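Everything on this sheet refers to the single structure shown next.
Chain A is the first sequence line, chain B the second, and so forth, proteins listed ahead of strands; every chain is numbered from 1. Every value quoted in this text rests on a predicted model; they were computed, and no experiment measured them.
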Number of protein chains: 2
Amino acid sequence: MQPDEARLDHMLSKLRERRQRITPQRLAILRILASGEGHPSVEGIYSIVVKDFPTTSLATVYKTITLLKDLGEVLELEFSQGSNRYDGSKPFPHPHVVCTMCKNIVDPDLQSLSAMTAEVSEQTGFKVNNHRLDFYGLCPQCQEGEG
Amino acid sequence: MQPDEARLDHMLSKLRERRQRITPQRLAILRILASGEGHPSVEGIYSIVVKDFPTTSLATVYKTITLLKDLGEVLELEFSQGSNRYDGSKPFPHPHVVCTMCKNIVDPDLQSLSAMTAEVSEQTGFKVNNHRLDFYGLCPQCQEGEG
DNA sequence: TTTTCTGCAAATGCTTTGCATGGGA
DNA sequence: TCCCATGCAAAGCATTTGCAGAAAA
């Protein structure tokens, strides 16, 4: 786990600003979210944190993530079947590519996104300020095991 | 409720093909989904069907929708908080533009979508076969009441 | 010392499932 | 008649909440 120190520091100062306490459990959760590795679920975060702090509960992970959402420091990717996933390194809307087999999530850098947003505005007259762009399919590894 | 007769007939023949029975409850649910009005939730469908068939249960609505999903005749829009919503008139993935104020939903026809899908595949190596593209913002009417 | 956080367990909300009865074909 | 569909109730899951004890500041 290699947390982005700048992201981590930013999150920590946001907590201090709001007079929120920096507990060992919260610090461990922040480190994972700031690492930028994957888009962990609550269960995934919990399974890592519990190694260092065996008494940690799922409820604490949920509460910490709710706090970070309120602070605008984590992006929640909702899934009605399966668990939600969280992105603490890029807490603003951006496209995701999800492998339906291994559940891995990748962030593409799409040149055509601004053009598409412009197309939406032009065609509908909407003032677009948020989006949820997910592409689903098979990642290169999972394609090999397929037909 | 003004069901698209062609859509309704198509759904009915799909059921018959699969030797599925056309019950009054199923017909009522199909009519709502084929109407193309809005993107109803299970609860919303249930509340309408139960007027004509007071013994109808939520389970039946869920089971019918699961069946229609398997037949590829309804699109499920997943929401982890709140209920899922369903689109029976365009049961294939397509972008939505959602007004965060009046909750109105528009289906844009985006020329740049195929280019973006190609960009995703090229950049990530994924074999993309599905997507969830939602844009959120203010519709023209709701922008007037704003700053 | 004060106030907040933690962690357990119970509660919640949506959805699914098991099973006996009812009803299409 | 023969199965399948219905509908009730219970179960399943991810998430939230209440509260007493623990621990930051």
Side-chain angles (χ1 to χ4, degrees), chain A residues 11-33 39-71 74-86 103, chain B residues 11-33 39-71 73-86:
Chain A
M11 288 170 147
L12 288 172
S13 30
K14 271 291 189 75
L15 287 180
R16 291 195 190 95
E17 269 178 29
R18 299 282 189 103
R19 302 290 187 286
Q20 302 291 335
R21 292 178 181 170
I22 316 289
T23 65
Q25 294 91 332
R26 282 186 176 175
L27 186 56
I29 294 166
L30 291 192
R31 282 186 194 285
I32 294 166
L33 287 171
H39 297 69
S41 62
V42 164
E43 191 70 43
I45 294 170
Y46 169 77
S47 67
I48 296 171
V49 174
V50 82
K51 291 177 189 167
D52 287 329
F53 304 96
T55 64
T56 304
S57 67
L58 271 174
T60 294
V61 181
Y62 275 109
K63 283 167 182 168
T64 300
I65 281 179
T66 298
L67 173 60
L68 290 171
K69 277 195 295 178
D70 291 345
L71 295 174
V74 73
L75 177 72
E76 183 177 54
L77 291 177
E78 298 183 33
F79 295 98
S80 77
Q81 47 199 56
S83 311
N84 291 347
R85 307 282 287 269
Y86 298 90
K103 310 301 178 190
Chain B
M11 288 170 147
L12 288 172
S13 30
K14 271 292 189 76
L15 287 180
R16 291 194 191 96
E17 269 177 31
R18 300 283 190 104
R19 303 288 187 285
Q20 302 291 334
R21 291 178 182 168
I22 316 289
T23 65
Q25 294 91 332
R26 284 187 173 174
L27 186 55
I29 294 167
L30 291 192
R31 282 186 193 286
I32 293 166
L33 287 170
H39 297 67
S41 62
V42 165
E43 190 69 44
I45 293 169
Y46 169 77
S47 67
I48 296 171
V49 174
V50 82
K51 289 176 189 167
D52 287 328
F53 304 96
T55 65
T56 304
S57 66
L58 271 175
T60 294
V61 182
Y62 276 109
K63 284 167 181 168
T64 300
I65 281 179
T66 298
L67 172 61
L68 291 171
K69 277 195 294 179
D70 292 345
L71 296 175
E73 293 301 320
V74 73
L75 177 72
E76 183 177 54
L77 290 177
E78 299 185 31
F79 295 98
S80 78
Q81 47 199 57
S83 312
N84 291 347
R85 308 283 288 271
Y86 299 89

So [X], base contact, sugar-phosphate only, or nothing? Heavy-atom distance under 4.0 Å.
X: B/Ser80; result: nothing
X: A/Glu43; result: nothing
X: B/Gln81; result: nothing
X: A/Ile22; result: sugar-phosphate

Between atom [atom1] in [X] and atom [atom2] in [N], what is the gap in whole Å?
X: A/Arg18; N: C/dC5; atom1: CZ; atom2: C1'; answer: 17 Å
X: A/Leu58; N: C/dA10; atom1: CG; atom2: C1'; answer: 15 Å
X: B/Ile29; N: D/dT6; atom1: CD1; atom2: C1'; answer: 11 Å
X: B/Tyr86; N: C/dC14; atom1: OH; atom2: P; answer: 12 Å
X: B/Arg26; N: C/dG23; atom1: CZ; atom2: C1'; answer: 12 Å
X: A/Ile45; N: C/dT6; atom1: CD1; atom2: P; answer: 14 Å
X: A/Leu27; N: D/dA23; atom1: CG; atom2: P; answer: 17 Å
X: A/Asp52; N: C/dT6; atom1: CG; atom2: P; answer: 15 Å

- Query: Side chains of A/Lys63 and A/Thr60: closer than 4.5 Å at any heavy-atom pair?
  - Reply: no
- Task: Would you mind reporting whether B/Leu12 and B/Leu27 have side-chain heavy atoms less than 4.5 Å apart?
- Result: yes
- Using only side-chain N and O atoms of B/Gln25, determine if any of them is under 4.0 Å from OP1 or OP2 of C/dG23. no
- Output yes when at least one side-chain N/O atom of A/Asn84 is less than 4.0 Å from OP1 or OP2 of D/dT15, else no. yes
- Task: Specify the residues of residues 60-67 of chain A, ordered by number, for which at least one heavy atom lies under 4.0 angstrom from an atom of DNA chain C.
- Result: A/Thr60, A/Lys63
Closest nucleotide among [options] to the [X] side chain:
X: B/Ser57; options: C/dG24, C/dG7, D/dG7; result: D/dG7
X: B/Thr23; options: C/dG7, D/dT15, D/dT6; result: D/dT6
X: B/Ala59; options: C/dA9, D/dC8, D/dT15; result: D/dC8

Just by distance, do the side chain of [X] and the backbone of [Y] share a donor-acceptor pair under 3.5 Å?
X: B/Arg85; Y: B/Leu77; result: no
X: B/Lys14; Y: B/Leu71; result: yes
X: B/Arg21; Y: B/Arg19; result: no

- Measure the OG1-CD1 distance between A/Thr56 and A/Ile48 for me, rounded to the nearest 0.5 Å. 12.0 Å
- Item | Between B/Glu78 and B/Asn84: side-chain donor-acceptor atoms closer than 3.5 Å | no
- Note on the structure: All heavy atoms of B/Ser80 vs all of A/Phe79, minimum pair found to be CB-O, 3.7 Å
- Message: Can you work out whether B/Gly82 or B/Gln20 has the more 5'-proximal nearest nucleotide on DNA chain C?
- Response: B/Gly82
- Base of D/dC4 paired with side chain of B/Arg21 (donor-acceptor, under 3.5 Å): yes
